[in-house]
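What follows is one structure encoded as structure tokens, with my remarks underneath.
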Amino acid sequence: MKTTKVKLKIRRGDTVKVIAGNDKGKEGKVLEVLVDKQRVVVEGVREVTKHRKPSATNPQGGIEKKEAPIHISNVMLVDPAKGEATRVGRRVEDGKIVRYSKKSKETIKDA
């Protein structure tokens, strides 16, 4: 089975706002984008508690909190110019495809 890669509009380093789920309304920086699963890991959003057994690398073991991925449809990009959540479009500028905010029409620079 052949799979096609999907172009996602959210990239690592972007600031996003969660629009659905338990963390609705929170904003954070995207730490990781999981393209094949269409999920993102956002700083300070959907924190889960992991119980770790003592091991050779971590002899103490213990409880640690870390961010878990959320589906990309549950986040929106925060417009750097206005500070509001916005949809993202693509257009060609100087022969290159760039992302732009549909609200302010300004180009979004890569982080």
Side-chain angles (χ1 to χ4, degrees):
M1 187 170 112
K2 190 175 183 179
T3 58
T4 57
K5 267 198 169 179
V6 180
K7 270 282 190 195
L8 301 178
K9 296 174 179 178
I10 306 289
R11 293 186 182 163
R12 185 173 27 161
D14 286 344
T15 302
V16 294
K17 183 175 187 176
V18 180
I19 58 170
N22 291 336
D23 292 322
K24 183 177 177 179
K26 286 186 180 178
E27 287 186 16
K29 186 177 168 185
V30 174
L31 302 174
E32 187 179 1
V33 178
L34 307 170
V35 177
D36 53 334
K37 294 181 180 176
Q38 296 191 3
R39 291 178 170 264
V40 290
V41 177
V42 182
E43 190 174 43
V45 173
R46 195 172 174 223
E47 289 186 331
V48 294
T49 305
K50 291 282 187 183
H51 296 261
R52 298 285 181 196
K53 282 183 177 179
S55 65
T57 55
N58 184 9
Q60 285 286 56
I63 300 169
E64 66 181 42
K65 285 191 175 260
K66 62 184 280 188
E67 289 93 1
I70 59 174
H71 198 266
I72 204 157
S73 66
N74 294 334
V75 297
M76 283 183 83
L77 185 76
V78 173
D79 188 345
K82 288 190 167 186
E84 299 171 3
T86 181
R87 291 186 295 149
V88 179
R90 294 178 192 275
R91 65 181 170 205
V92 178
E93 283 183 5
D94 301 326
K96 288 184 74 176
I97 297 172
V98 295
R99 299 181 300 158
Y100 73 97
S101 163
K102 291 225 176 176
K103 218 168 233 183
S104 67
K105 307 292 183 201
E106 288 189 25
T107 302
I108 299 166
K109 294 183 176 141
D110 293 334

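What you see below is based on every heavy atom in this structure, not just the backbone, and it leaves out hydrogens, waters and symmetry mates. Just so it is clear, the model here is predicted, and its values are computed rather than measured.
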Subject >> Where Met76 and Ala85 come nearest, the two heavy atoms and their spacing >> reply: CB-CB, 3.9 Å

**OP:** Search all heavy atoms of Ser104 against all heavy atoms of Ala81 and return the closest pair with its distance.
**Re:** OG-CB, 4.2 Å

Subject >> Minimal non-hydrogen separation, Thr15 against Leu77, with atom names >> reply: O-CD1, 3.7 Å

**OP:** Find out if a path of hydrophobic residues (ILVMFWY) with successive side-chain heavy-atom gaps under 4.5 Å connects Val35 to Val88.
**Re:** yes

**OP:** Mark yes when over 12 heavy atoms from residues, nucleotides or ligands other than Lys105 sit less than 6.0 Å from its NZ; otherwise mark no.
**Re:** yes

**OP:** Test salt bridge (charged side-chain N to carboxylate O under 4.0 Å, His left out) on Asp14 and Arg99 and set out the steps.
**Re:** CA-CA 12 Å; Asp14 286 344; Arg99 299 181 300 158; 2.8 Å; yes

Original post:
Taking everything shown except Gln60 itself, do over 12 heavy atoms lie less than 6.0 Å from its CD?
Top reply: no

Original post:
Is the backbone of Ile72 close enough, under 3.5 Å, to the side chain of Arg39 for a donor and an acceptor to pair up by distance?
Top reply: no

Original post:
Hey, any chance Val18 and Val40 share a hydrophobic cluster, counting ILVMFWY side chains that come within less than 4.5 Å of each other, even indirectly?
Top reply: yes

**OP:** Answer with yes or no whether the hydrophobic clustering places Leu31 together with Val16; edges join I, L, V, M, F, W, Y residues whose side-chain heavy atoms lie under 4.5 Å apart.
**Re:** no

**OP:** Would you give the length of the straight line joining atom NZ of Lys24 to atom CG of Asn22, rounded to the nearest 0.5 angstrom?
**Re:** 11.5 Å

Original post:
With side chains defined as the heavy atoms from C-beta onward, is the minimum distance between Glu67 and Glu32 less than 4.5 Å?
Top reply: no

Original post:
Roughly how far apart are Tyr100 OH and Glu106 CD, rounded to 0.5 Å?
Top reply: 13.0 Å

**OP:** Give a yes or no on whether Arg91 atom CZ has more than 12 heavy-atom contacts from other residues, nucleotides or ligands under 6.0 Å away.
**Re:** yes

Original post:
Does any non-hydrogen side-chain atom of Val98 lie less than 4.5 Å from one of Ile108?
Top reply: no

Original post:
Mind checking whether Val42 and Val33 sit in one hydrophobic cluster, side chains of I, L, V, M, F, W, Y counted as touching below 4.5 Å?
Top reply: yes

Original post:
Does one hydrophobic cluster hold both Ile70 and Ile10, with members joined at side-chain heavy-atom distances below 4.5 Å?
Top reply: yes

**OP:** Taking all heavy atoms of Gly44 and all of Lys26, pick out the closest pair and write down the distance.
**Re:** O-NZ, 3.8 Å

**OP:** Could you verify whether a donor N or O on one side chain and an acceptor N or O on the other, from Ser101 and Asp79, lie under 3.5 Å apart?
**Re:** yes

Original post:
Which heavy-atom pair separates Ala68 from Val48 by the least distance, and what is that distance?
Top reply: CB-CG1, 4.0 Å

**OP:** Not counting sequence neighbours, list each pair that qualifies as a salt bridge (Lys or Arg N to Asp or Glu O under 4.0 Å) and has a residue in residues 40-57.
**Re:** Arg52-Glu64

Original post:
Can you name the salt bridge (charged side-chain N to carboxylate O under 4.0 Å, His left out) partners of Arg11, sequence neighbours left out?
Top reply: Asp110

Subject >> Main-chain N/O of Lys103 paired with Thr86 side-chain donor or acceptor, under 3.5 Å >> reply: yes

Original post:
Apart from Leu34 itself, which Ile, Leu, Val, Met, Phe, Trp or Tyr residues share its cluster (side-chain heavy atoms under 4.5 Å, direct or through members)?
Top reply: none

